[in-house]
Chemist: 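Take a look at the following structure, please.
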Amino acid sequence: MAYNELSEQELVRRESLNKLRELGINPYPAPLYPVNTTSAEIEKGFRPEEGNFQDVCIAGRIMSRRIMGAASFMELQDSEGRIQVYVKRDEICPGEDKTMYNTVFKKLLDIGDFVGIKGFAFFTQTGQLSVHARELTLLSKSLRVLPIVKTDADGTVHDGFADPELRYRQRYVDLVVNPQVKDVFFKRTQIVNTMRECFNEAGCLEVETPILQAIPGGATARPFVTHHNALDVDMYMRIANELYLKRLIVGGFAGVYEFAKNFRNEGMDKTHNPEFTCVEMYIAYKDYLWMMEFTEKMLQRVAEATGGVKKVIGGNEISFEGPFRRLRILDAIKEFAGVDVKGMNEDELRAVCKKLNIETSPEMGVGKLIDAIFGEYCEKNLIQPTFIIDYPVEMSPLTKRCRYDDTLTERFELFVNGKELANAYSELNDPVDQLDRFEEQAALKSKGDDEAMYVDYDFVRALEYGMPPTSGIGIGIDRLTMFMTGQESIQDVLFFPMMRPEKF
C-alpha cells in the first residue's frame with residue numbers, strides 16, 4: 001500500500017478527527033499538561049489506608065477499552081507501564097451535556113490516542129488497582145492503527161509485532177506494543193552511567209573530539225567520505241577518536257575519555273553496524289597490565305548494575321567475575337590451530353593459511369595473515385571473558401613494543417562469547433617508531449589494503465613534543481549492551497539500526 005493510500009480504519013479515524021474539531025475539541029492541544037505521577041508510582045506506592053494518590057493527574061495512550069453503559073474501563077499506558085482507568089459518564093460529564101462521554105469517549109476516541117486523566121487511585125471490587133477518572137482530556141489523536149498484541153491464559157502471544165524488519169524500521173511502534181523492549185535501552189543507559197562513574201573515579205575527564213576529520217586515524221577500517229563545501233576539501237567520518245584523545249594527553253590532561261559515535265564503511269551483520277558507539281579512555285602513567293585489572297573491575301561492576309555477574313549469551317552462561325584468563329595471541333594460535341607462527345615471514349604465513357584452508361589475498365601482510373588464522377581458529381573458542389595479549393608489531397601500529405620482546409606489543413583484546421569486546425594498549429609514545437609504523441601502513445595501502453592507516457604527520461608532531469607513558473582502551477558499547485542484556489543481534493540494542501532506505 002502506498003503511503004497516501006488509507007485503509008478503512010484510517011479513513012474512519014480521520015472522520016473522527018474532523019468530528020472532534022466540529023465539536024470544538026482540539027485533537028492536538030498545547031503540550032502543557034500537569035502530569036504529577038506515573039502508573040509505576042501508583043502501583044508501588046498506593047496505600048488506601050493512608051489516603052494517598054487522591055489527586056492524580058496521569059497521561060498516556062489508550063491501549064484497550066471495555067465500553068459499557070454509563071461506566072467503562074480502559075487501559076492506559078505511560079512511559080513506565082500500564083494502569084486501568086475507570087470512566088463514569090456522570091463523573092466526567094457532571095452537567096446535562098454528556099457529549100464528552102457518549103460521543104467523544106465512546107465513539108471518537110481510539111486505541112493509540114493520548115489522553116490525560118485527573119482523578120484518584122482505588123481498588124475495584126475485584127482488587128484491580130485503577131484510577132477513577134473525574135476529568136478526561138484528549139491530548140493527541142492517533143491516525144494509524146496500532147497492532148494489538150494479545151497474550152492468552154497460557155502465555156502464548158497472538159498477533160505480535162514480531163517481524164524484525166518492521167520492528168527496526170518502526171521502532172516507535174515496537175516500543176509501544178512490545179514494552180519489554182524498553183528494558184534493553186534502560187539497561188544500556190545503566191551501562192554507560194556505570195562506566196562513566198568508573199572513568200570519573202579514575203580521575204579522567206569526559207571530552208569531545210571531531211567527527212569530521214581530515215585524516216581517518218586510530219583504527220584500520222574503511223571510512224565514509226564526505227565533502228566540506230566551504231573549505232572545498234574531502235573529509236572523513238570518524239572511524240575512531242584515539243589520536244585526538246592522545247593529543248590531549250600530550251597537552252597535559254592526566255586522563256580523558258569520550259563516548260563517541262564512530263562510522264566504518266564496512267559490512268553489516270548481527271554484530272556490526274556501520275554507525276556504532278565506542279568509548280575510549282586514555283590515562284597517563286599506566287600500562288596495559290593496569291588496564292586489564294581496571295577493565296575486569298569495571299565490567300564486573302557493569303554486570304552487577306544490570307542484573308548480576310552471570311549472563312546467558314547465545315545459550316552460554318558467561319561470568320563477568322574477575323580475574324579473566326590471559327592468553328598470548330601466538331599461544332592461542334598454537335593451542336587452537338596447532339601451529340607455531342612465531343617469527344614467520346609473509347610467505348611462511350601464506351603457506352600456513354593455505355594448509356589451514358584460510359583464504360588470503362595479495363594485499364594481506366604479516367599482521368592480517370596472523371589475524372586471519374586467529375579469527376578462523378581461535379575466536380570461536382573464547383567463550384568466557386579472555387584477554388588475548390602481546391600482539392605482533394605488524395598487527396598493532398599504535399602500540400608500544402613489549403618490554404620483554406620487541407617483536408611483540410603491549411596490547412590486549414578482550415573476547416567474550418567468541419567476539420571482541422575491547423581493545424587496549426600501552427600506547428606507543430616514541431615518535432620515530434610511530435612514523436615508521438605509519439609508513440609501513442602506507443605501504444600496505446599502496447598494495448591495495450583499503451583498511452590500512454593513513455600517515456598522520458600532525459599526530460607524529462604531537463608525539464615529538466612528548467607524550468607521557470600512557471595506557472588506552474576502546475570498548476564497543478553496542479556489543480557490551482548485547483552481552484549484558486542477552487541480545488543476539490546488534491539491531492536489538494540500537495534504537496534505529498542502519499537499514500536500506502524504505503520506498504514510499
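Predicted model only: the values in this text are computed from it and were never measured. Below, all heavy atoms of this structure are taken into account, side chains as well, without hydrogens, waters or symmetry copies. Along the sequence shown, the residues carry numbers beginning at 1.
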Chemist: Excluding sequence neighbours, so at least two apart, what forms salt bridge (charged side-chain N to carboxylate O under 4.0 Å, His left out) with Glu266?
Modeler: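 In terms of salt bridge (charged side-chain N to carboxylate O under 4.0 Å, His left out), with neighbours along the sequence ignored, Glu266 is linked to no residue.
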Chemist: Over all heavy atoms of both residues, which pair between Ile473 and Ala422 is shortest? Give the atoms and the distance, please.
Modeler: CD1-CB, 4.1 Å
Chemist: Among pairs that include at least one residue of residues 103-122, which meet ring pair (Phe, Tyr, Trp, His ring centres under 6.0 Å), considering only residues two or more places apart or in two chains?
Modeler: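 As it turns out, the ring pair (Phe, Tyr, Trp, His ring centres under 6.0 Å) pairs with a partner in residues 103-122, which skip direct neighbours, are Tyr101-Phe105, Phe120-His132, Phe122-His132.
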Chemist: May I ask you to say whether Glu379 pairs ionically with Lys419, meaning some side-chain N is under 4.0 Å from a carboxylate O?
Modeler: no
Chemist: Would you say the side-chain atoms of Arg264 pair up with the backbone N or O of Ile239, donor to acceptor, closer than 3.5 Å?
Modeler: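 The answer is yes, because a donor-acceptor pair under 3.5 Å joins these two groups.
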Chemist: In terms of ring plane angle, is the pair Phe320 and Phe324 parallel, tilted or perpendicular, where the classes change at 30° and 60°?
Modeler: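 Ring orientation of Phe320 relative to Phe324: perpendicular.
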Chemist: If the threshold is 4.0 Å, N to carboxylate O, is there a salt bridge linking Lys297 and Glu201?
Modeler: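 Looking at Lys297 and Glu201, the cut-off is not met.
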Chemist: What heavy-atom pair brings Asp113 and Leu108 nearest, and what distance separates the two atoms?
Modeler: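 Taking every non-hydrogen atom into account, OD2-O, 4.2 Å.
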Chemist: Hey, is the main chain of Gln128 close enough, under 3.5 Å, to the side chain of Thr124 for a donor-acceptor pair?
Modeler: yes
Chemist: Quick one: do Lys261 and Glu275 make a salt bridge, cutoff under 4.0 Å?
Modeler: yes
Chemist: For Glu321 and Ser319, which I'm curious about, is there any donor-acceptor pair between the side chains at under 3.5 Å?
Modeler: no
Chemist: May I have the step-by-step check of side-chain hydrogen bond (donor to acceptor under 3.5 Å, both in side chains) for Arg238 and Thr209, ending in yes or no?
Modeler: CA-CA 10 Å; Arg238 174 171 60 198; Thr209 62; 3.3 Å; yes
Chemist: What are the two closest heavy atoms between His228 and Leu231, and how far apart are they?
Modeler: ND1-N, 3.1 Å
Chemist: For Arg188, which of Asp478, Thr485, Thr306 qualifies under side chain to side chain contact (heavy atoms under 4.5 Å, CB included)?
Modeler: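 Option passing the side chain to side chain contact (heavy atoms under 4.5 Å, CB included) with Arg188: Asp478.
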Chemist: Where is the tightest heavy-atom contact between Val35 and Ala59, given as atom of each residue plus distance?
Modeler: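 Heavy atoms only, the tightest pair is CG2-CB, 3.7 Å.
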Chemist: Distance-only check: which donor-acceptor pairs under 3.5 Å involve side-chain atoms of residues 175-184, not counting sequence neighbours?
Modeler:
| unit_1 | atom_1 | unit_2 | atom_2 | d |
| --- | --- | --- | --- | --- |
| Asn178 | ND2 | Phe161 | O | 2.9 |
| Asn178 | ND2 | Asp174 | OD1 | 2.8 |

Chemist: Which word best sums up how the rings of Phe53 and Phe46 line up, parallel for under 30°, tilted for 30 to 60°, or perpendicular for over 60°?
Modeler: perpendicular
Chemist: For the side chain of Asp110 and the backbone of Val145, is there at least one donor-acceptor N/O pair under 3.5 Å apart?
Modeler: no
Chemist: Take the angle between the ring planes of Phe263 and Phe224 and call it parallel below 30°, perpendicular above 60°, tilted in between.
Modeler: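 The arrangement is perpendicular - the two ring planes meet at more than 60°.
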Chemist: Under a 3.5 Å distance rule, please check whether Thr220 uses its side chain to pair with a backbone N or O of Ala452 as donor and acceptor.
Modeler: no
Chemist: Just wondering, do Glu280 and Glu258 contact through their side chains at under 4.5 Å, heavy atoms?
Modeler: no
Chemist: Do Lys310 side-chain atoms and Gly307 backbone N/O form a donor-acceptor pair below 3.5 Å?
Modeler: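 Between the backbone of Gly307 and the side chain of Lys310 there is no qualifying donor-acceptor contact (under 3.5 Å).
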Chemist: Between Asn316 and Ile318 (side chain of the first, backbone of the second, donor and acceptor by atom type, cut-off under 3.5 Å), is there such a pair?
Modeler: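 Looks like no, no N/O pair under 3.5 Å.
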Chemist: Keeping the roles fixed (side chain from Lys187, backbone from Thr481), state whether a donor-acceptor pair exists under 3.5 Å.
Modeler: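 Not confirmed, Lys187 side chain does not pair with Thr481 backbone.
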Chemist: When you measure from the side chain of Arg479 to the backbone of Thr271, do you find a donor-acceptor pair of N or O atoms at a distance under 3.5 Å?
Modeler: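 Here the side-chain-to-backbone pair exists.
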Chemist: Gln300 side chain to Gly322 main-chain N or O, any donor-acceptor pair under 3.5 Å?
Modeler: yes
Chemist: Would you name the heavy atoms of Arg47 and Lys44 that are closest together and state the gap between them?
Modeler: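 Result for this residue pair: NH1-O, 3.2 Å.
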Chemist: How are the rings of Phe412 and Phe387 set relative to one another: parallel (under 30°), tilted (30 to 60°) or perpendicular (over 60°)?
Modeler: perpendicular
Chemist: So which atom in Gly218 and which in Met453 form the shortest heavy-atom distance, rounded to 0.1 Å?
Modeler: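 The answer is C-CE, 3.9 Å.
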